[in-house]
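Here is the structure we will look at.
Chain naming here is simple, since letters A, B, ... match the order of the sequence lines and numbering starts at 1 in each.
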Number of protein chains: 2
Amino acid sequence: MPLLMLKDLPRYECLLKAAEKYPGLEPMACHAFFHLLRTGDAVYAAEGGFLATHHVSQGRFNVLMLLNRCERQMSTPAELAEEAGVTRATMTGLIDTLEKDGLVGREDHPENRRTIRVRLTKAGRAYLKKLTPKYFRRVSEMIEPLNELERKQLVRLLEKVQRGLNRKLGGSIAIKA
Amino acid sequence: MPLLMLKDLPRYECLLKAAEKYPGLEPMACHAFFHLLRTGDAVYAAEGGFLATHHVSQGRFNVLMLLNRCERQMSTPAELAEEAGVTRATMTGLIDTLEKDGLVGREDHPENRRTIRVRLTKAGRAYLKKLTPKYFRRVSEMIEPLNELERKQLVRLLEKVQRGLNRKLGGSIAIKA
DNA sequence: CATAAACAGTTAGGCTCCTTACTTTCAGGC
DNA sequence: GCCTGAAAGTAAGGAGCCTAACTGTTTATG
(Lines give C-alpha, C1' and ligand atoms only; values in the text may rest on other atoms or scores of the structure.)
Protein backbone atom coordinates (compact mmCIF):
# COMPACT_ATOMS: atom_id res chain seq x y z
CA MET A 1 0.00 0.00 0.00
CA PRO A 2 2.48 2.56 -1.08
CA LEU A 3 1.96 6.25 -1.42
CA LEU A 4 5.11 7.40 0.15
CA MET A 5 4.09 9.60 3.00
CA LEU A 6 5.85 11.49 5.69
CA LYS A 7 5.80 9.48 8.85
CA ASP A 8 5.07 12.58 10.85
CA LEU A 9 3.12 15.28 9.13
CA PRO A 10 4.53 18.80 9.18
CA ARG A 11 3.21 20.48 12.27
CA TYR A 12 0.83 23.36 11.82
CA GLU A 13 3.25 25.82 13.39
CA CYS A 14 5.83 24.87 10.78
CA LEU A 15 3.33 25.55 8.06
CA LEU A 16 2.62 28.95 9.59
CA LYS A 17 6.29 29.68 9.50
CA ALA A 18 6.66 28.38 5.95
CA ALA A 19 3.80 30.61 4.88
CA GLU A 20 5.92 33.65 5.56
CA LYS A 21 8.37 32.41 3.01
CA TYR A 22 5.93 31.23 0.36
CA PRO A 23 3.20 33.71 -0.48
CA GLY A 24 0.81 31.20 -2.06
CA LEU A 25 0.88 28.84 0.90
CA GLU A 26 -2.38 28.77 2.84
CA PRO A 27 -1.40 27.12 6.11
CA MET A 28 -4.76 25.59 6.95
CA ALA A 29 -5.23 24.41 3.36
CA CYS A 30 -1.91 22.58 3.38
CA HIS A 31 -2.67 21.22 6.80
CA ALA A 32 -5.93 19.79 5.49
CA PHE A 33 -4.26 18.52 2.33
CA PHE A 34 -1.66 16.54 4.27
CA HIS A 35 -4.28 15.10 6.56
CA LEU A 36 -6.41 14.07 3.64
CA LEU A 37 -3.49 12.37 1.96
CA ARG A 38 -2.40 10.57 5.07
CA THR A 39 -5.79 9.43 6.25
CA GLY A 40 -6.76 8.35 2.76
CA ASP A 41 -3.59 6.32 2.64
CA ALA A 42 -4.16 4.84 6.08
CA VAL A 43 -7.67 3.76 5.19
CA TYR A 44 -6.48 2.38 1.87
CA ALA A 45 -3.70 0.46 3.58
CA ALA A 46 -6.11 -0.93 6.16
CA GLU A 47 -8.43 -2.14 3.42
CA GLY A 48 -5.51 -3.65 1.55
CA GLY A 49 -4.22 -5.34 4.66
CA PHE A 50 -7.58 -6.85 5.40
CA LEU A 51 -7.97 -8.15 1.86
CA ALA A 52 -4.41 -9.45 1.88
CA THR A 53 -5.24 -11.72 4.80
CA HIS A 54 -7.79 -13.21 2.44
CA HIS A 55 -5.24 -13.54 -0.34
CA VAL A 56 -6.71 -11.02 -2.70
CA SER A 57 -5.61 -7.57 -3.80
CA GLN A 58 -7.82 -4.50 -3.95
CA GLY A 59 -7.84 -4.64 -7.71
CA ARG A 60 -8.91 -8.23 -7.94
CA PHE A 61 -11.47 -7.81 -5.19
CA ASN A 62 -13.04 -4.94 -7.07
CA VAL A 63 -13.32 -7.09 -10.16
CA LEU A 64 -15.05 -9.81 -8.19
CA MET A 65 -17.46 -7.30 -6.69
CA LEU A 66 -18.25 -5.88 -10.11
CA LEU A 67 -18.95 -9.35 -11.45
CA ASN A 68 -21.09 -10.21 -8.48
CA ARG A 69 -23.43 -7.32 -8.63
CA CYS A 70 -27.01 -7.54 -9.72
CA GLU A 71 -26.89 -11.19 -10.66
CA ARG A 72 -25.18 -10.47 -13.92
CA GLN A 73 -22.00 -12.30 -13.02
CA MET A 74 -20.74 -11.83 -16.53
CA SER A 75 -18.97 -9.03 -18.26
CA THR A 76 -16.35 -8.21 -20.85
CA PRO A 77 -12.84 -7.11 -19.85
CA ALA A 78 -13.39 -3.73 -21.48
CA GLU A 79 -16.54 -3.11 -19.43
CA LEU A 80 -14.80 -4.18 -16.26
CA ALA A 81 -11.82 -1.95 -16.98
CA GLU A 82 -14.09 1.01 -17.58
CA GLU A 83 -16.09 0.39 -14.43
CA ALA A 84 -13.07 -0.27 -12.28
CA GLY A 85 -11.19 2.70 -13.62
CA VAL A 86 -8.11 0.82 -14.89
CA THR A 87 -6.76 0.23 -18.37
CA ARG A 88 -7.73 -2.79 -20.40
CA ALA A 89 -4.18 -4.04 -20.16
CA THR A 90 -4.34 -3.98 -16.39
CA MET A 91 -7.66 -5.78 -16.47
CA THR A 92 -6.10 -8.56 -18.51
CA GLY A 93 -3.60 -9.11 -15.72
CA LEU A 94 -6.24 -9.04 -12.99
CA ILE A 95 -8.37 -11.55 -14.84
CA ASP A 96 -5.32 -13.74 -15.47
CA THR A 97 -4.68 -14.09 -11.77
CA LEU A 98 -8.33 -14.55 -10.85
CA GLU A 99 -8.61 -17.23 -13.49
CA LYS A 100 -5.48 -18.94 -12.23
CA ASP A 101 -7.02 -18.94 -8.76
CA GLY A 102 -10.19 -20.44 -10.19
CA LEU A 103 -12.43 -17.56 -9.14
CA VAL A 104 -13.45 -16.44 -12.63
CA GLY A 105 -13.51 -18.00 -16.05
CA ARG A 106 -13.10 -16.70 -19.59
CA GLU A 107 -15.49 -17.83 -22.28
CA ASP A 108 -16.04 -16.93 -25.90
CA HIS A 109 -18.56 -14.26 -26.65
CA PRO A 110 -21.32 -15.69 -28.83
CA GLU A 111 -21.85 -12.57 -30.94
CA ASN A 112 -18.54 -10.77 -31.08
CA ARG A 113 -15.38 -12.67 -31.65
CA ARG A 114 -13.23 -9.73 -30.68
CA THR A 115 -14.27 -9.95 -27.09
CA ILE A 116 -14.80 -12.53 -24.39
CA ARG A 117 -17.00 -12.92 -21.37
CA VAL A 118 -15.69 -13.14 -17.85
CA ARG A 119 -17.84 -14.98 -15.38
CA LEU A 120 -17.63 -15.80 -11.69
CA THR A 121 -17.10 -19.48 -11.09
CA LYS A 122 -18.90 -21.40 -8.37
CA ALA A 123 -15.74 -21.06 -6.30
CA GLY A 124 -15.70 -17.32 -6.95
CA ARG A 125 -19.26 -16.94 -5.74
CA ALA A 126 -18.57 -19.00 -2.66
CA TYR A 127 -15.45 -16.97 -1.94
CA LEU A 128 -17.34 -13.70 -2.16
CA LYS A 129 -20.21 -14.99 -0.11
CA LYS A 130 -17.80 -15.71 2.69
CA LEU A 131 -15.71 -12.57 2.39
CA THR A 132 -18.21 -9.82 1.65
CA PRO A 133 -19.91 -9.61 5.05
CA LYS A 134 -16.54 -9.38 6.78
CA TYR A 135 -15.41 -6.78 4.31
CA PHE A 136 -18.36 -4.49 4.90
CA ARG A 137 -18.09 -4.96 8.62
CA ARG A 138 -14.43 -4.05 8.50
CA VAL A 139 -15.04 -0.99 6.36
CA SER A 140 -17.82 0.15 8.63
CA GLU A 141 -15.55 -0.23 11.63
CA MET A 142 -13.02 2.15 10.17
CA ILE A 143 -15.54 4.97 10.18
CA GLU A 144 -16.92 4.00 13.57
CA PRO A 145 -15.16 6.87 15.39
CA LEU A 146 -17.51 9.27 13.60
CA ASN A 147 -21.15 9.60 14.52
CA GLU A 148 -23.84 9.81 11.88
CA LEU A 149 -23.72 13.60 11.63
CA GLU A 150 -19.96 13.65 11.36
CA ARG A 151 -20.05 11.07 8.61
CA LYS A 152 -22.40 13.22 6.60
CA GLN A 153 -20.22 16.25 7.23
CA LEU A 154 -17.16 14.37 6.05
CA VAL A 155 -18.88 13.27 2.87
CA ARG A 156 -20.03 16.80 2.22
CA LEU A 157 -16.55 18.23 2.65
CA LEU A 158 -14.93 15.56 0.52
CA GLU A 159 -17.48 16.07 -2.23
CA LYS A 160 -16.67 19.74 -2.23
CA VAL A 161 -12.97 19.08 -2.65
CA GLN A 162 -13.66 16.49 -5.31
CA ARG A 163 -15.83 18.87 -7.32
CA GLY A 164 -13.08 21.45 -7.16
CA LEU A 165 -10.56 18.99 -8.51
CA ASN A 166 -12.85 17.83 -11.29
CA ARG A 167 -13.51 21.39 -12.32
CA LYS A 168 -9.84 22.13 -12.42
CA LEU A 169 -8.96 19.03 -14.38
CA GLY A 170 -11.84 19.47 -16.75
CA GLY A 171 -10.94 23.08 -17.38
CA SER A 172 -7.28 22.66 -18.16
CA ILE A 173 -7.26 19.38 -20.13
CA ALA A 174 -4.24 18.02 -18.35
CA ILE A 175 -2.59 19.08 -15.17
CA LYS A 176 -0.43 21.85 -16.36
CA ALA A 177 2.26 23.55 -14.38
CA MET B 1 -1.22 7.24 -9.41
CA PRO B 2 -2.90 3.93 -8.98
CA LEU B 3 -5.17 2.77 -6.24
CA LEU B 4 -7.63 0.96 -8.33
CA MET B 5 -10.92 2.64 -7.69
CA LEU B 6 -14.39 2.26 -8.96
CA LYS B 7 -15.01 4.87 -11.57
CA ASP B 8 -18.41 5.54 -10.12
CA LEU B 9 -18.85 5.05 -6.43
CA PRO B 10 -21.69 2.84 -5.29
CA ARG B 11 -24.70 5.07 -4.81
CA TYR B 12 -26.02 5.53 -1.33
CA GLU B 13 -29.30 3.83 -2.15
CA CYS B 14 -27.40 0.74 -3.24
CA LEU B 15 -25.61 0.72 0.07
CA LEU B 16 -28.93 0.97 1.87
CA LYS B 17 -30.13 -2.03 -0.07
CA ALA B 18 -26.91 -3.95 0.53
CA ALA B 19 -27.26 -3.25 4.23
CA GLU B 20 -30.33 -5.46 4.34
CA LYS B 21 -28.21 -8.33 3.17
CA TYR B 22 -25.12 -7.72 5.29
CA PRO B 23 -25.85 -7.09 8.96
CA GLY B 24 -22.52 -5.41 9.75
CA LEU B 25 -22.79 -2.89 6.92
CA GLU B 26 -23.38 0.65 8.13
CA PRO B 27 -24.53 2.46 5.00
CA MET B 28 -23.32 5.92 5.91
CA ALA B 29 -20.01 4.55 7.15
CA CYS B 30 -19.35 2.79 3.88
CA HIS B 31 -20.49 5.85 2.00
CA ALA B 32 -17.94 7.92 3.89
CA PHE B 33 -15.27 5.27 3.46
CA PHE B 34 -15.62 5.22 -0.30
CA HIS B 35 -15.59 8.99 -0.49
CA LEU B 36 -12.49 9.16 1.64
CA LEU B 37 -10.72 6.63 -0.55
CA ARG B 38 -11.69 8.31 -3.76
CA THR B 39 -10.98 11.87 -2.73
CA GLY B 40 -7.71 10.86 -1.15
CA ASP B 41 -6.77 9.20 -4.40
CA ALA B 42 -7.86 12.20 -6.46
CA VAL B 43 -5.79 14.56 -4.37
CA TYR B 44 -2.85 12.19 -4.48
CA ALA B 45 -3.13 11.88 -8.24
CA ALA B 46 -3.34 15.65 -8.63
CA GLU B 47 -0.21 16.10 -6.57
CA GLY B 48 1.56 13.39 -8.53
CA GLY B 49 0.49 14.91 -11.82
CA PHE B 50 1.77 18.30 -10.82
CA LEU B 51 5.11 16.92 -9.69
CA ALA B 52 5.35 14.81 -12.85
CA THR B 53 5.25 17.94 -14.96
CA HIS B 54 8.39 18.89 -13.08
CA HIS B 55 9.96 15.49 -13.69
CA VAL B 56 9.94 14.27 -10.14
CA SER B 57 7.94 11.63 -8.31
CA GLN B 58 6.22 12.10 -4.97
CA GLY B 59 8.78 9.90 -3.30
CA ARG B 60 11.77 11.76 -4.61
CA PHE B 61 10.17 15.12 -3.93
CA ASN B 62 9.61 14.13 -0.33
CA VAL B 63 13.26 13.23 0.02
CA LEU B 64 14.28 16.60 -1.34
CA MET B 65 11.93 18.38 1.04
CA LEU B 66 13.29 16.42 3.98
CA LEU B 67 16.84 17.32 3.03
CA ASN B 68 15.93 20.94 2.56
CA ARG B 69 14.35 21.55 5.88
CA CYS B 70 15.89 23.60 8.64
CA GLU B 71 19.17 24.21 6.88
CA ARG B 72 20.47 20.77 7.68
CA GLN B 73 20.62 19.64 4.06
CA MET B 74 22.31 16.46 5.12
CA SER B 75 21.03 13.16 6.41
CA THR B 76 21.65 9.44 6.34
CA PRO B 77 19.53 7.12 4.20
CA ALA B 78 18.21 5.37 7.29
CA GLU B 79 17.02 8.66 8.80
CA LEU B 80 15.40 9.66 5.55
CA ALA B 81 13.69 6.31 5.23
CA GLU B 82 12.34 6.56 8.75
CA GLU B 83 11.11 10.10 8.26
CA ALA B 84 9.60 9.43 4.87
CA GLY B 85 7.95 6.22 6.00
CA VAL B 86 9.57 3.89 3.45
CA THR B 87 12.04 1.04 3.80
CA ARG B 88 15.76 1.59 3.60
CA ALA B 89 15.80 -0.42 0.39
CA THR B 90 13.32 1.95 -1.20
CA MET B 91 15.33 4.92 -0.02
CA THR B 92 18.40 3.52 -1.75
CA GLY B 93 16.50 3.58 -5.02
CA LEU B 94 15.16 7.10 -4.49
CA ILE B 95 18.62 8.41 -3.72
CA ASP B 96 20.05 6.58 -6.72
CA THR B 97 17.76 8.44 -9.07
CA LEU B 98 18.19 11.78 -7.35
CA GLU B 99 21.93 11.34 -7.51
CA LYS B 100 21.78 10.41 -11.18
CA ASP B 101 19.81 13.61 -11.76
CA GLY B 102 22.44 15.56 -9.89
CA LEU B 103 20.08 16.81 -7.19
CA VAL B 104 21.73 15.09 -4.24
CA GLY B 105 25.13 13.63 -3.52
CA ARG B 106 26.41 10.77 -1.38
CA GLU B 107 29.46 11.30 0.80
CA ASP B 108 31.28 9.22 3.39
CA HIS B 109 30.29 9.69 6.99
CA PRO B 110 33.26 10.91 9.00
CA GLU B 111 32.46 8.94 12.14
CA ASN B 112 30.66 5.81 11.08
CA ARG B 113 31.81 3.84 8.11
CA ARG B 114 28.62 1.84 7.95
CA THR B 115 26.63 4.81 6.84
CA ILE B 116 26.84 7.71 4.45
CA ARG B 117 25.56 11.23 4.26
CA VAL B 118 23.18 12.45 1.63
CA ARG B 119 23.30 16.11 0.82
CA LEU B 120 21.45 18.45 -1.51
CA THR B 121 23.64 19.69 -4.32
CA LYS B 122 23.60 23.26 -5.52
CA ALA B 123 21.38 22.11 -8.38
CA GLY B 124 19.08 20.40 -5.89
CA ARG B 125 18.70 23.57 -3.85
CA ALA B 126 18.05 25.62 -6.97
CA TYR B 127 15.50 23.10 -8.18
CA LEU B 128 13.62 23.20 -4.89
CA LYS B 129 13.77 26.95 -4.70
CA LYS B 130 12.00 27.12 -8.00
CA LEU B 131 9.50 24.35 -7.40
CA THR B 132 8.46 24.77 -3.79
CA PRO B 133 6.42 27.96 -4.11
CA LYS B 134 4.46 26.48 -6.99
CA TYR B 135 3.97 23.29 -5.07
CA PHE B 136 2.49 24.97 -2.04
CA ARG B 137 0.33 27.17 -4.20
CA ARG B 138 -0.97 24.13 -6.03
CA VAL B 139 -1.67 22.24 -2.84
CA SER B 140 -3.44 25.22 -1.36
CA GLU B 141 -5.58 25.50 -4.47
CA MET B 142 -6.85 21.98 -4.06
CA ILE B 143 -8.41 22.84 -0.73
CA GLU B 144 -9.68 26.19 -1.94
CA PRO B 145 -13.30 25.00 -2.23
CA LEU B 146 -13.40 24.82 1.57
CA ASN B 147 -13.51 27.88 3.76
CA GLU B 148 -11.39 28.19 6.86
CA LEU B 149 -13.99 26.63 9.15
CA GLU B 150 -14.59 23.72 6.81
CA ARG B 151 -10.88 23.04 6.58
CA LYS B 152 -10.66 22.82 10.34
CA GLN B 153 -13.69 20.56 10.43
CA LEU B 154 -12.16 18.29 7.81
CA VAL B 155 -8.93 18.02 9.75
CA ARG B 156 -10.82 17.24 12.91
CA LEU B 157 -12.84 14.47 11.27
CA LEU B 158 -9.82 12.96 9.58
CA GLU B 159 -7.87 12.99 12.82
CA LYS B 160 -10.69 11.14 14.48
CA VAL B 161 -10.66 8.43 11.83
CA GLN B 162 -6.89 8.25 11.96
CA ARG B 163 -6.85 7.80 15.72
CA GLY B 164 -9.37 5.01 15.39
CA LEU B 165 -7.18 3.21 12.86
CA ASN B 166 -4.06 3.64 14.95
CA ARG B 167 -5.81 2.27 17.99
CA LYS B 168 -7.02 -0.72 16.05
CA LEU B 169 -3.64 -1.45 14.53
CA GLY B 170 -1.83 -0.90 17.78
CA GLY B 171 -4.22 -3.17 19.65
CA SER B 172 -4.13 -6.15 17.36
CA ILE B 173 -0.47 -6.23 16.30
CA ALA B 174 -1.25 -6.90 12.68
CA ILE B 175 -4.44 -6.53 10.75
CA LYS B 176 -6.17 -9.73 11.52
CA ALA B 177 -9.23 -11.03 9.83
C1' DC C 1 39.24 -9.86 23.32
C1' DA C 2 36.56 -12.62 20.49
C1' DT C 3 32.40 -13.61 19.08
C1' DA C 4 27.54 -12.87 18.60
C1' DA C 5 24.07 -9.55 17.89
C1' DA C 6 22.50 -5.36 15.88
C1' DC C 7 22.67 -2.10 12.32
C1' DA C 8 23.52 0.44 7.63
C1' DG C 9 23.37 0.23 2.80
C1' DT C 10 22.59 -2.44 -1.05
C1' DT C 11 20.99 -6.18 -4.29
C1' DA C 12 17.62 -9.28 -6.18
C1' DG C 13 13.17 -10.42 -7.11
C1' DG C 14 8.06 -9.69 -6.58
C1' DC C 15 3.58 -7.16 -6.90
C1' DT C 16 0.37 -3.85 -8.88
C1' DC C 17 -0.34 -0.60 -11.70
C1' DC C 18 0.94 2.01 -15.99
C1' DT C 19 1.96 3.11 -21.31
C1' DT C 20 2.89 1.63 -25.80
C1' DA C 21 2.50 -1.21 -29.50
C1' DC C 22 0.69 -5.49 -31.77
C1' DT C 23 -3.06 -8.65 -33.63
C1' DT C 24 -7.54 -9.81 -34.63
C1' DT C 25 -12.20 -8.56 -35.53
C1' DC C 26 -15.90 -5.58 -36.63
C1' DA C 27 -18.38 -1.40 -38.86
C1' DG C 28 -19.07 2.27 -42.15
C1' DG C 29 -18.14 4.87 -46.47
C1' DC C 30 -16.87 4.68 -51.10
C1' DG D 1 -17.46 -5.74 -51.85
C1' DC D 2 -13.13 -3.46 -50.12
C1' DC D 3 -10.61 -0.73 -47.12
C1' DT D 4 -9.92 2.40 -43.65
C1' DG D 5 -10.65 3.24 -38.98
C1' DA D 6 -12.13 1.89 -34.50
C1' DA D 7 -12.41 -1.39 -30.88
C1' DA D 8 -11.00 -5.56 -28.05
C1' DG D 9 -7.65 -8.44 -25.87
C1' DT D 10 -2.93 -9.07 -25.08
C1' DA D 11 2.31 -8.72 -24.68
C1' DA D 12 6.36 -6.22 -23.39
C1' DG D 13 8.57 -3.18 -20.63
C1' DG D 14 8.66 0.62 -16.99
C1' DA D 15 7.81 3.01 -12.33
C1' DG D 16 7.34 2.74 -7.50
C1' DC D 17 6.86 0.39 -3.70
C1' DC D 18 7.74 -3.99 -0.98
C1' DT D 19 10.35 -8.23 1.50
C1' DA D 20 14.26 -11.06 2.13
C1' DA D 21 18.85 -11.90 1.91
C1' DC D 22 23.83 -10.32 1.58
C1' DT D 23 27.97 -7.43 2.97
C1' DG D 24 30.47 -4.73 5.80
C1' DT D 25 30.82 -2.18 10.37
C1' DT D 26 29.98 -1.33 15.13
C1' DT D 27 28.54 -2.58 19.74
C1' DA D 28 27.76 -5.51 23.55
C1' DT D 29 28.80 -9.60 26.17
C1' DG D 30 30.76 -13.48 28.19
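- Under 4.0 Å is where a charged nitrogen must lie from a carboxylate oxygen, and between A/Arg156 and A/Glu159 no such pair does.
- A straight line from CG of B/Asp108 to P of C/dA8 spans 17 Å, rounded to a whole angstrom.
- Ranking C/dT16, D/dG9, D/dA6 by closeness to the A/Ile116 side chain, first place goes to D/dG9.
- Dashed line: the shortest gap from a side-chain N or O of B/Thr92 to OP1 or OP2 of C/dT10 is under 4.0 Å.
- Take the nearest nucleotide of DNA chain C for A/Glu111 and for B/Ile95: the residue whose nucleotide is more 5' is B/Ile95.
- In this structure, the side chain of B/Arg117 does not engage the main chain of B/Glu107 through any donor-acceptor pair within 3.5 Å.
- Following rounding to the nearest Å, B/Glu107 (CD) and C/dG9 (P) show an atom-to-atom distance of 13 Å.
- In this structure, A/Gln58 atom CD and C/dT16 atom C1' are separated by 10 Å, rounded to whole Å.
- At the phosphate of C/dC17, neither OP1 nor OP2 sits under 4.0 Å from any side-chain N or O atom of A/Thr90.
- Here the nucleotide nearest the side chain of A/Ala89, chosen from D/dA11, D/dC17, D/dG9, is D/dA11.
- Listed nucleotides C/dT25, D/dT19, C/dT10 differ in distance to B/Thr87; the shortest reach to its side chain belongs to D/dT19.
- Looking at B/Glu144 and A/Arg167, no side-chain N of the basic residue comes within less than 4.0 Å of a carboxylate O on the acidic one, giving no salt bridge.
- Below 30°, between 30° and 60°, or above 60°: for A/Phe50 and A/Tyr135 the angle between ring planes is between 30° and 60°, a tilted geometry.
- Of the candidates A/Asn68, A/Thr97, A/Leu98, A/Val63 forms a side chain to side chain contact (heavy atoms under 4.5 Å, CB included) with just one, namely A/Leu98.
- As rounded to whole Å, 14 Å separates atom P of D/dA15 from atom NE2 of B/His55.
- Residues B/Arg88 and B/Thr97 both approach DNA chain D. Their nearest nucleotides, taken by heavy-atom distance, put B/Thr97 toward the 5′ side.
- One atom, NE2 of B/His109, and another, C1' of D/dT25, lie 13 Å apart when rounded to the nearest Å.
- Side-chain proximity of A/Arg114 to C/dG9, D/dC17, C/dT25: nearest is C/dT25.
- In this structure, CE of A/Met91 is placed 12 Å from C1' of C/dC17, rounded to the nearest angstrom.
- As a whole-Å value, the separation of B/Glu79 CD from C/dC7 P is 15 Å.
- Side-chain nitrogen and oxygen atoms of B/Arg113 include at least one within less than 4.0 Å of the OP1 or OP2 phosphate oxygen of D/dT25.
- At D/dT10, one or more side-chain N or O atoms of A/Arg106 fall inside 4.0 Å of OP1 or OP2 (strictly under the cut-off).
- Distances were taken from every side-chain heavy atom of A/Arg60 (C-beta onward) to each of D/dG24, C/dT16, C/dC17; the shortest belongs to C/dT16.
- With B/Arg60 as the fixed residue, the side chain to side chain contact (heavy atoms under 4.5 Å, CB included) test singles out one of B/Asn62, B/Val56, B/Leu64: B/Val56.
- Residue contacts shown for B/Ala78 are limited to sugar-phosphate atoms, with no base heavy atom under 4.0 Å away.
- Spacing between atom CG of B/Leu98 and atom C1' of C/dG9 amounts to 16 Å, rounded to whole angstrom units.
- The side chain of A/Val86 lies closest to C/dC17, out of C/dT10, D/dC18, C/dC17.
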